[in-house]
Amino acid sequence: MSILIKNGTIVTSVSEYQADILVEGEKIAAIGRNLDGRARETVDASGKYILPGGVDNHSHFALPFGGTWTRGFETTPAAIVGGTTTVVDFAPQPEGLSIREAVSKHSEERAEGTSVVDFAFHGMVMDANDSLFEEIPSLAEAGIPTVKLFMAYKGTPFMVDDGILFRALETSKKAGVTIMVHAENGDLIDVLQKQCVEKGQVEPKYHAVSRPPTVETEATARAVGIAALADAPIFVVHVSCKGAMEAVRDAYQAGVAAYGETCPHYLTLGVDNLSRPNFEGAKYVCSPALRSPDHHEALWQALDRGWLQVVGSDHCGFNWKEQKHLGVDDFTKIPNGAPSVQYRLNILWTYGVRRGKISRQKLVDVYSTAPAKLNGLFPRKGDIAPGSDADLVIFDDTYEGVISVEDSLEGVDYCAFEGMEQKGRVEKIFLRGKLSVDDGRFAGEKGQGRLLKGEPFGSAYQGV
Ligand code: URP
Ligand code: ZN
Ligand code: ZN
């Protein structure tokens, strides 16, 4: 099967130019002018941008959290209609299973045969014990070059102390594994939460009161400091505030291989959403907490200047009615996380590119190329180049609309970005050469996604 995509404007992380793209089978075969006559099918992309398929570095499909589960890989059509062709999902580690066993279980039982996007996995340590250090050296070989540790969620078996983080970093650097960290000070949050509850402050807005920027900034500075001591790369996930961003930036500028990610909601949604009446604030309970607009501005600037490298969704598909209501009498029991996998590209385009905060090339970098590199998937993913997978987004910049749960495929009963304006939209998507979105609608097949294995140490060797 061969397809010629004609006359589009190709945007990569480093360039923008008009050319035709010849797709043969699953790969990009050639890029150039006037490639006519070499394909069976032609798609006219005049007036459209062509972006590499998005790589979402941070999804939680089928995540057990707070006594309930997020929606699973059956909702990945939401990812692909939103421009994402690859997700790197956090594989939860059930008690007693190794990271490798947990990844296999998550992949075999939940993703394979169901996902409509390609998928790779991060290990996610939820049962922190000494076997972790024995296992880390074998992970990169198994195609799992990234492992997340939590510095928060006190009282769970997954919060780690500084010693465990240090030992994991020391072990990982020899093994080609990048440690990812959820950087919030779990001890301080625990005290602040208890103080709120004792005072009867149980509404969703106290989620943010008990997780102020300081608890994130302190933990981030500590994490990158520990990485410096271990002389190991570190990736800080879901950076939400200026101070934490500055800690990552300053560590990198001081020579530490410190990288960071922010998320669509931390770029656009204000902390005031948590005060919405009638428990609507619970829709916005995620960790770290949402912040005020000055933090949003600092994060946009950090993306523009390369101080943060990645925008991941941190997608968590919890229903508001049943699941978020588990915390109706106590905000500490609200499952943490917001749905967002469908909106990453829309938010970056409308509020970043169209408002002049980032260039189109920078958008491509943070939503596709850099996450592909950091996860050892580049150049198969994250680029438009001969030999890369033909994961291509044909994007119409002229569309204007409003984001609504009515159009959501996330499988939950609300949309965190409800009512926000949307400029531009995904028109068509090819996943490895297969048309999977047409006229903005899902046109692929259940189970078409394929398991990917990341190369060791994407971050250190690929110059993010
Ligand atoms: O609120 C969040 N982010 N929930 C998902 C788990 C995590 O910490 O990433
Ligand atoms: Zn986290
Ligand atoms: Zn997360």
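In listed order, ligands and their atoms are each counted from 1.
Ring to ring, His106 and Phe73 are close: their centroids are under 6.0 angstrom apart. Between His182 and His238, the gap from one ring centroid to the other is short of 6.0 Å.
When each atom of ligand 1 is checked for a heavy atom of His58 under 4.0 Å away, the hits are 9 (O). In the vicinity of Phe150, heavy-atom distances shorter than 4.0 Å reach the ligand 1 atoms 8 (O). Near Cys286, meaning under 4.0 Å from one of its heavy atoms, ligand 1 places the atoms 1 (O).
A side-chain contact (heavy atoms from CB on, under 4.5 Å) with Lys357 is found for one member of Gln301, His296, Glu297 and no other, namely Glu297. Each of Phe279, Phe331, Phe318 was evaluated against His325; a single residue qualifies, Phe279, per the ring-ring contact (aromatic ring centres under 6.0 Å, His included) test. Evaluated for a salt bridge (Lys or Arg N to Asp or Glu O under 4.0 Å) with Asp118, the options Lys381, Lys453, Arg450 yield exactly one hit, Lys381.
The nearest heavy-atom contact from the protein to atom 6 (C) of ligand 1 is His60 NE2, 3.8 Å. Shortest contact from atom 1 (O) of ligand 1 to any protein heavy atom: Ser287 N, 2.7 Å. In terms of protein heavy-atom proximity, atom 5 (C) of ligand 1 is nearest to Cys316 SG, 3.5 Å. Nearest protein heavy-atom contact of atom 7 (C) of ligand 1 is Lys148 NZ, 3.4 Å. Scanning the protein for heavy atoms near atom 4 (N) of ligand 1, the closest one is Asn336 O, 3.1 Å.
Side chains of Ile234 and Val224 form a contact here, defined as non-hydrogen atoms less than 4.5 Å apart. Residues His295 and Leu290 form no side-chain contact, since every pair of their non-hydrogen atoms from C-beta on lies 4.5 Å or further apart. The closest side-chain heavy-atom distance from Val248 to Tyr259 is not below 4.5 Å.
Of all protein N/O/S atoms, those under 2.8 Å from the Zn ion (ligand 3) are His58 NE2, His60 NE2, Asp314 OD1, and waters are not counted.
Using a 4.0 Å cutoff on heavy atoms, Phe90 does not count as a contact of ligand 1.
If you check the side chains of Arg344 and Ser313, you find no donor sitting under 3.5 Å from an acceptor.
Between Phe61 and His315, the ring planes lie tilted relative to each other; the angle falls in the 30° to 60° range.
To the nearest 0.5 Å, atoms CE (Met245) and CD (Glu216) are separated by 11.0 Å.
Considering backbone and side-chain N/O of Gly337, one or more are found under 3.5 Å from N/O of ligand 1.
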